[in-house]
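Single-structure report; data block below.
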Amino acid sequence: MKIGVFGLSFAIRNLQIAILRLCLKIPQKRAKYCHPQYTPPVMRRLTSLIALTLLAPSIVLALNYTPTAQHLYRDSRTFSTAEVAGISLLTNLGAVQGNPGNVFAVQRGLNRAEFAKILIYLPLLKTGYGTPDESDQGCFPDVSVGQWFTRTVCAAKYLGLVQGFPDGRFHPERPVLYAEALKMLGNLYDYTLDHQPSDEWFTPYVRAAGQHRTSLPISLEPGDPLTRGEMARLVAAFHAESLGELDLYRSAEQGHVISSSSSLASSSSSSSVASSFSSSSSSSLPSSSSSSSSSVALDLPSRSHFLILGRRSQPLADANFFAEHEGIYVQSATVVLKAKITSIDAMFLVDQDGRDIGQLSLSHYLDDSDKTWKGTFVSSGGSVISKGTQRVLAIEVRLNPKNNGGFPGQLVQVDRWSVGVRGQDSQSTWTVPAPATVYPKHETAQGTITAVANAGDTQSVLATGTYQVLGAFSFSAKALTGATVRLRNLEFQVSKAPSVAVMNWSLASPSGGTHLSCSVNGSTVSCSAIPPELGSIGRDPIVLRLYGDVAVDQGSVNPFLQVTLNQPGSLGDNGAVHWSDGASDYTWTELQSPIAKGTLWK
């Protein structure tokens with residue numbers, strides 16, 4: 001019985017590949033047989049037969065969860081327990097393998113060409129034929145004959161799994177983003193999509209993965225690039241779920257040893273994907289989301305930032321590199337931090353346009369203090385700086401999520417860094433240190449204050465009496481799920497005419513409720529220990545008002561008063577707004593000076 005079933009499965013896959021090869025060899029003659037939705041009648045009949053046969057209880061379909069990654073890859077000690085499970089499963093299937101030297105490099109990025117190779121291998125595993133033949137004409141302007149990824153990218157295109165960007169190119173060098181991976185895998189495994197009118201293009205795929213429980217159980221934004229380790233976990237979850245073994249795989253992710261119940265696991269699993277392969281559709285990002293590896297435009301020159309746990313950062317440091325005598329290829333980078341930072345998951349070298357040049361990993365060989373990060377980018381081509389020109393290169397990081405290695409309140413600063421280059425003409429290699437300077441300090445957090453603004457009129461009439469509104473300010477913030485940004489202390493600077501006197505300063509919301517008494521020291525009004533019910537900022541901005549009892553000398557000429565939140569502060573220099581993310585306290589913001597000027601009362 002088993003021989004018959006897998007013989008039929010093998011025949012189905014052979015027929016699929018034969019058709020695909022013909023389509024790739026003569027794309028101009030592609031008819032209905034080459035359409036991604038087409039399934040030959042004989043295959044439909046064979047598929048029905050095999051589906052009935054697979055119901056027999058004597059046949060056991062199981063994946064191989066043996067943790068082989070711990071023994072096959074030299075860098076396995078850098079794998080998390082969950083990464084061991086995903087990498088082992090895909091390695092046992094033959095879908096992935098390490099880099100030269102048996103190194104998997106879990107923290108290295110993954111580009112679109114590399115992901116297409118893994119994607120196209122899933123339904124072709126164990127067929128004995130490998131991938132389809134290379135197209136004679138290529139399939140994108142930047143995917144031409146002779147490149148290592150041509151046949152897999154073209155096969156994925158002809159099967160409707162990938163498509164180009166608005167400029168018509170595939171951009172194989174760009175990192176594959178989480179949203180792109182969810183779309184391609186969701187189409188490959190035939191997920192049913194629920195489209196809502198307000199959805200972004202990727203939202204149905206994110207929703208479907210959540211419903212199937214195959215999304216990564218870590219904090220990732222749709223526009224975040226995937227690492228090789230994250231890719232392995234994601235693909236393994238999709239594949240295990242397609243065979244009804246997601247719970248087994250999740251158990252393996254937690255470190256439980258699971259033995260395979262069938263030596264035929266690899267061949268049986270690959271056949272289950274083949275039937276859904278033809279109905280998959282393409283994946284692409286809008287050009288506005290794909291023009292950069294970063295989720296937002298680069299903030300250059302680098303300045304102090306809050307590094308949000310589970311997110312990719314703005315540049316920690318940047319420098320100009322000049323190719324004086326000949327053009328150069330940037331092929332490696334070494335970064336030394338001021339201190340060991342456990343919250344950093346991965347580090348990236350990017351160019352001034354936000355494109356990834358390569359990913360760096362923590363180097364235990366160069367430095368046992370865990371402050372040195374090293375990356376080599378020869379395989380990805382590196383980056384070119386033409387003779388007589390200079391380029392800005394920058395260092396970014398991605399943070400571990402909270403409860404998975406990420407901690408709020410850690411101070412991050414680059415001490416020194418350099419790039420390794422190769423001359424275009426001489427082919428000589430040398431190291432170019434970044435110019436010596438003091439790089440900005442940064443701090444890890446679960447959220448940040450995004451804006452503070454005047455919530456009153458620009459100018460109004462100064463009134464006398466008790467409990468007068470002397471300033472109104474709105475506060476906006478963003479925080480990770482489960483965290484809340486909360487104001488702790490506010491320090492207002494008061495500018496007023498000598499004839500104006502104010503007493504009994506207090507802070508409250510426009511709706512009333514809790515009132516907080518504030519202290520005065522010269523021209524500074526300090527509102528300290530703001531209670532949670534007054535200072536917690538949710539999805540919507542909050543407004544706080546500053547009140548006081550106002551008196552103006554009789555006969556005063558041109559009385560005025562204005563309250564300002566002045567200094568944003570910096571690491572080591574307290575600002576006017578102190579706040580908390582629920583786990584750590586912060587005494588500065590990323591805002592400009594002055595932060596916000598209140599109403600001018602005259």
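Quick caveat: nothing in here was measured; it's all calculated off a predicted structure. Counting from 1, the numbers follow the sequence of the chain as shown.
Between Asn187 and Lys183, the closest side-chain pair of non-hydrogen atoms falls below 4.5 Å. Counting only heavy atoms from C-beta outward, the side chains of Met347 and Leu337 approach each other to under 4.5 Å. Counting heavy atoms from C-beta on, the side chains of Leu480 and Lys402 never come closer than 4.5 Å. Side chains of Leu309 and Pro408 form a contact here, defined as non-hydrogen atoms less than 4.5 Å apart. Between Leu177 and Leu226, the closest side-chain pair of non-hydrogen atoms is not below 4.5 Å. The shortest distance between side-chain heavy atoms of Leu399 and Val397 falls below 4.5 Å.
In summary, the aromatic rings of Tyr178 and Phe202 are positioned with their centroids too far apart to meet the 6.0 Å limit.
The CG atom of Leu90 sits 9.5 Å away from atom CG of Leu63, with the distance rounded to the nearest 0.5 Å.
Between Asn400 and Thr342 the shortest heavy-atom distance is ND2-O, 3.2 Å. Between Pro67 and Val84, the closest heavy-atom pair is CB-CG1, 4.0 Å. Shortest non-hydrogen contact noted between Ala156 and Ile120 is N-CD1, 3.8 Å. Closest approach of Leu393 to Trp417, counting heavy atoms only: O-CH2, 3.5 Å. Here the closest heavy-atom approach between residue Val330 and residue Ile357 is recorded as O-CG2, 4.2 Å. The two residues Glu221 and Arg311 come nearest to each other via the heavy atoms OE2-NH2, 2.6 Å.
At distances below 3.5 Å, at least one donor-acceptor pair connects side-chain atoms of Thr444 with backbone N or O atoms of Gln410. Counting only distance, with no hydrogens or angles, the side chain of Ser242 and the backbone of His239 share a donor-acceptor pair below 3.5 Å. Within the 3.5 Å criterion, the main-chain N or O of Phe104 finds a donor-acceptor partner in the side chain of Arg228. In this structure, Ser343 contributes its side chain and Phe407 its backbone to a donor-acceptor pair below 3.5 Å. Listed for the Arg422 side chain is no donor-acceptor partner under 3.5 Å among the backbone atoms of Gln331.
Comment: Glu114 does not engage Lys117 in a salt bridge, judged by the lack of any side-chain N to carboxylate O separation of less than 4.0 angstrom. By the 4.0 Å N-to-carboxylate-O rule, Arg213 lies too far from Glu241 to be salt-bridged with it. Between Asp142 and Arg174, none of the side-chain N atoms (NZ, or NE/NH1/NH2) sits under 4.0 Å from a carboxylate O, so this pair counts as no salt bridge.
Between the side chains of Asn92 and Thr66, no donor-acceptor pair of N or O atoms lies under 3.5 Å. For Tyr191 and Thr214, the side-chain atoms include at least one donor-acceptor pair closer than 3.5 Å.
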Salt bridge (Lys or Arg N to Asp or Glu O under 4.0 Å) assessment of Glu230 paired with Arg233: CA-CA 5 Å; Glu230 291 165 349; Arg233 292 184 62 187; over 6 Å; no

Candidate pair Thr91 and Tyr73, rule side chain to side chain donor-acceptor pair (under 3.5 Å), full reasoning: CA-CA 11 Å; Thr91 300; Tyr73 302 109; 2.8 Å; yes

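Remark: Lys157 is not positioned above the aromatic ring of Phe170, lacking an NZ or CZ atom under 6.0 angstrom from the ring centre and at most 45 degrees off the axis.
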